[in-house]
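See structure below.
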Amino acid sequence: MTKISKVLVIAGSDPSGGAGMQADLRVIALHDVYGAGVITCLTAQNTQKVYEIFDIPIEFLRKQIVVVLDDINFDVIKIGMLANLEVIECIANELDKRNCQIPIILDPVMVATSGDILLKENAIYSLKNRLASKAFLITPNINEAEILSEIKITDLFSMQESARKIKALGAKAVLIKGGHLNFEDHKIHNILLDENDKIHIISNPRIEVENIHGTGCSLASAISANLAKKYDLLSACQSANNFIFYGAKNFQKIGKGSCVLGLSSK
Ligand code: PLP
């Protein structure tokens, strides 16, 4: 029997399935990797809007983390929507208690594509000081990178500057997603600052689609699955970028709002 690689996702629920835990587990399964899921919060959302966020009791979040980590040896932990300060502190405390050495991919989710706030402002300090330092890789988009680094990003140069400042928070590597920047060549450029301080630019053509959501969650999950399968970091990011690019090319209008990725394992 071949041994399956295993990723633990710690993230919020999106009942419409385009983002959050539902998207994460779908992406991980499409990579032939086993995905487990600890829910940080429930959202009432569809492809148009996040209507409400329901915080689950912190003691119950702690219980989920403890029982799965006591039981299963994961290859990678992927962290997505955290919602508030208490959730961040709970996760950081549990990781500290067990001196967790599992590589962590941290997607520092702050605002949804719809514009709805997914992380309370008073949680940003904790995200920077308690969780970023534990991450093997942190994957901000442009807005999140600006907040984490306190640098205004306008081009590839300021993206690199921002990545270096975020790395100084303690993460081993940083991937800044450039989808929210307009580059002269009309492409999307992402910057990877790797474990050895080397910069790589990972690019792809821009897909003309009005709005697509779930790309950030899905990219971080694809990278997590690739790392669980022991890809090196650059290959994990390049392969995940291609996976999302083809998903975006095959976008699906499933509801009345944003499109979602049309993902396939092929
Ligand atoms: N909802 C949940 C539960 C999420 O985890 C995320 C992103 O991580 C989003 C919504 C936002 O996704 P998007 O910005 O792609 O709409």
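The model shown is predicted, which means the values in this text are computed figures rather than measured ones. For ligands, and for the atoms within them, numbers begin at 1 and follow the listed sequence.
Using a 4.0 Å cutoff on heavy atoms, Ser13 counts as a contact of ligand 1. In this structure, Cys217 has a heavy atom closer than 4.0 Å to ligand 1.
Taking any N or O of His213, backbone or side chain, at least one lies under 3.5 Å from an N or O belonging to ligand 1. Taking only nitrogen or oxygen atoms, main chain and side chain alike, Gly214 reaches within less than 3.5 Å of ligand 1. For the pair Asp107 and ligand 1, the shortest N or O to N or O distance does not fall below 3.5 Å.
Numbered from 1 in the order shown, with element, the atoms of ligand 1 that lie under 4.0 Å from a heavy atom of Val109 read 7 (C), 8 (O). Interface atoms of ligand 1 facing Leu118, defined by a heavy-atom separation under 4.0 Å, are 6 (C), 9 (C), 10 (C), 11 (C).
You'll find the side chain of Asp24 stays beyond 4.5 Å of the side chain of Val7, heavy atoms only. A 4.5 Å side-chain heavy-atom check between Ser126 and Glu89 finds at least one atom pair inside the cut-off.
Using a cut-off of 4.0 Å between Lys/Arg side-chain N and Asp/Glu carboxylate O, Glu161 and Arg164 are scored as not salt-bridged.
Although no hydrogens or angles enter the test, the distance criterion places no donor-acceptor pair under 3.5 Å between the side chain of Ser13 and the main chain of Thr43. Distance alone, capped at 3.5 Å, is enough to place a donor-acceptor pair between the Asn46 side chain and the Lys49 backbone. Between the side chain of Ser133 and the main chain of Leu169, no donor-acceptor pair closer than 3.5 Å is present. With hydrogens and angles ignored, the 3.5 Å screen pairs no side-chain donor or acceptor of Gln252 with any backbone N or O of Val260.
Nearest-residue assignment for atom 1 (N) of ligand 1 (options Met81, Gln45, Met21, Gln22; heavy-atom criterion): Gln45. Of the listed residues (Thr215, Ile53, Thr113), the one carrying the non-hydrogen atom nearest atom 13 (P) of ligand 1 is Thr113.
If you check which protein heavy atom lies closest to atom 12 (O) of ligand 1, you get Ala19 CB, 3.6 Å.
For Val50, no heavy-atom contact with ligand 1 is shorter than 4.0 Å.
Here the shortest heavy-atom pairing between Ile53 and Ile117 reads CD1-O, 3.6 Å.
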